[in-house]
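Worksheet: the structure to be examined is printed underneath.
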Amino acid sequence: AQRVTQPEKLLSVFKGAPVELKCNYSYSGSPELFWYVQYSRQRLQLLLRHISRESIKGFTADLNKGETSFHLKKPFAQEEDSAMYYCALSEGVNAGGTSYGKLTFGQGTILTVHP
Amino acid sequence: DSGVTQTPKHLITATGQRVTLRCSPRSGDLSVYWYQQSLDQGLQFLIQYYNGEERAKGNILERFSAQQFPDLHSELNLSSLELGDSALYFCASSVSAPGLLYGYTFGSGTRLTVV
């Protein structure tokens with residue numbers, strides 16, 4: 001079964017410092033990985049998709065299949081980055097045609113950026 | 001507006017009662033997912049519907065049930081409520097393609113408080 005692990009429940013950095021939120025996964029197939037952000041218990045918003053290799057709000061994430069990781073990075077954190085961040089994995093469609101895109105989320109990391 | 005509408009936004013009810021949470025997916029999305037978010041459990045997948053049919057089931061209690069209607073809106077029914085059911089319940093929808101290239105779009109959630 002697929003599993004997503006975010007080892008840090010809390011992460012604190014100062015403004016301008018680099019930040020890395022860790023995400024490791026276990027899945028036997030080819031995963032589709034995402035990062036979601038949630039500000040102050042609001043709705044979750046898609047931040048990044050690994051497939052698009054994009055950079056949003058200065059954040060990037062690289063899929064490392066050898067280490068089964070998808071860490072989220074930003075070189076210079078801002079106070080407005082303070083939020084809960086979730087890493088998520090989709091198993092896509094399996095051989096039986098089920099699990100049509102079910103997302104499995106990690107436990108989340110609360111990032112606090114201090115002034 | 002993300003396009004996913006959840007009602008009501010807040011719900012306070014007593015133990016033993018039954019409530020219905022409603023979700024309207026983004027226009028054109030055929031898949032609807034329900035998640036429960038609590039402080040100690042994080043984001044837990046409950047159930048997925050695709051074009052009216054149950055597609056995947058997660059950690060959903062027998063006291064909970066859901067359905068997706070022909071107009072694609074979905075309802076999550078919670079019965080015999082317990083204090084521990086207090087949580088934020090999110091609905092999400094996705095483009096109906098194999099895999100999950102674009103991630104989910106989340107609603108703003110229903111905050112359920114059981115007293």
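Small disclaimer: the values here were computed from a predicted structure and weren't measured. Every chain is numbered from 1, with letters handed out A, B, ... down the list of sequences.
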According to a hydrophobic-cluster definition based on side-chain heavy atoms being under 4.5 Å apart (Ile, Leu, Val, Met, Phe, Trp, Tyr only), do A/M84 and B/F106 belong together?
yes
Can you measure from CG (B/L43) to CG (A/L103) and round to the nearest 0.5 angstrom?
10.0 Å
Please list all pairs passing the disulfide bond (SG atoms under 2.5 Å apart) test where one or both residues lie in residues 34-68 of chain B, with sequence neighbours left out.
none
Mind checking the CZ-OH spacing from A/F105 to B/Y35? Nearest 0.5 Å is all I need.
5.0 Å
Count I, L, V, M, F, W, Y as connected when their side-chain heavy atoms are under 4.5 Å apart, and connections chain through other members. Are A/L46 and B/F45 then in the same cluster?
yes
Any link between B/V32 and B/L21 through a network of hydrophobic side chains (Ile, Leu, Val, Met, Phe, Trp, Tyr) touching at under 4.5 Å?
yes
Would you say B/Y104 and A/F34 make side-chain contact, with heavy atoms under 4.5 Å?
no
Take atom CZ of A/F14 as the centre, draw a 6.0 Å sphere, and report whether it contains more than 12 heavy atoms from other residues, nucleotides or ligands.
no
For A/E20, does the CD atom have more than 12 heavy-atom neighbours from other residues, nucleotides or ligands under 6.0 Å away?
yes
Verify same cluster id: A/V113, A/L47 (apolar side-chain graph, 4.5 Å):
yes
Side chain, backbone, both or neither: which part of A/Q38 has a heavy atom under 4.5 Å from chain B?
side chain
By a 4.5 Å heavy-atom criterion (distance strictly below it), what part of B/Q37 contacts chain A: side chain, backbone, both, or neither?
both
Using only non-hydrogen atoms and a strict under-4.5 angstrom cutoff, which residues of residues 57-84 of chain B touch chain A?
none
Disulfide bond (SG atoms under 2.5 Å apart) contacts in which one or both residues fall within residues 10-82 of chain A, not counting sequence neighbours:
A/C23-A/C87
Only counting residues at least two apart or in another chain, list the ones meeting side chain to side chain contact (heavy atoms under 4.5 Å, CB included) with A/E67.
A/N64, A/S69
Find the distance between CZ (A/R43) and CG (B/L88) and round it off to the nearest 0.5 Å.
11.0 Å
Pick from B/R111, B/Q44, B/Q6: which one has the most heavy-atom pairs with chain A under 4.5 Å?
B/R111
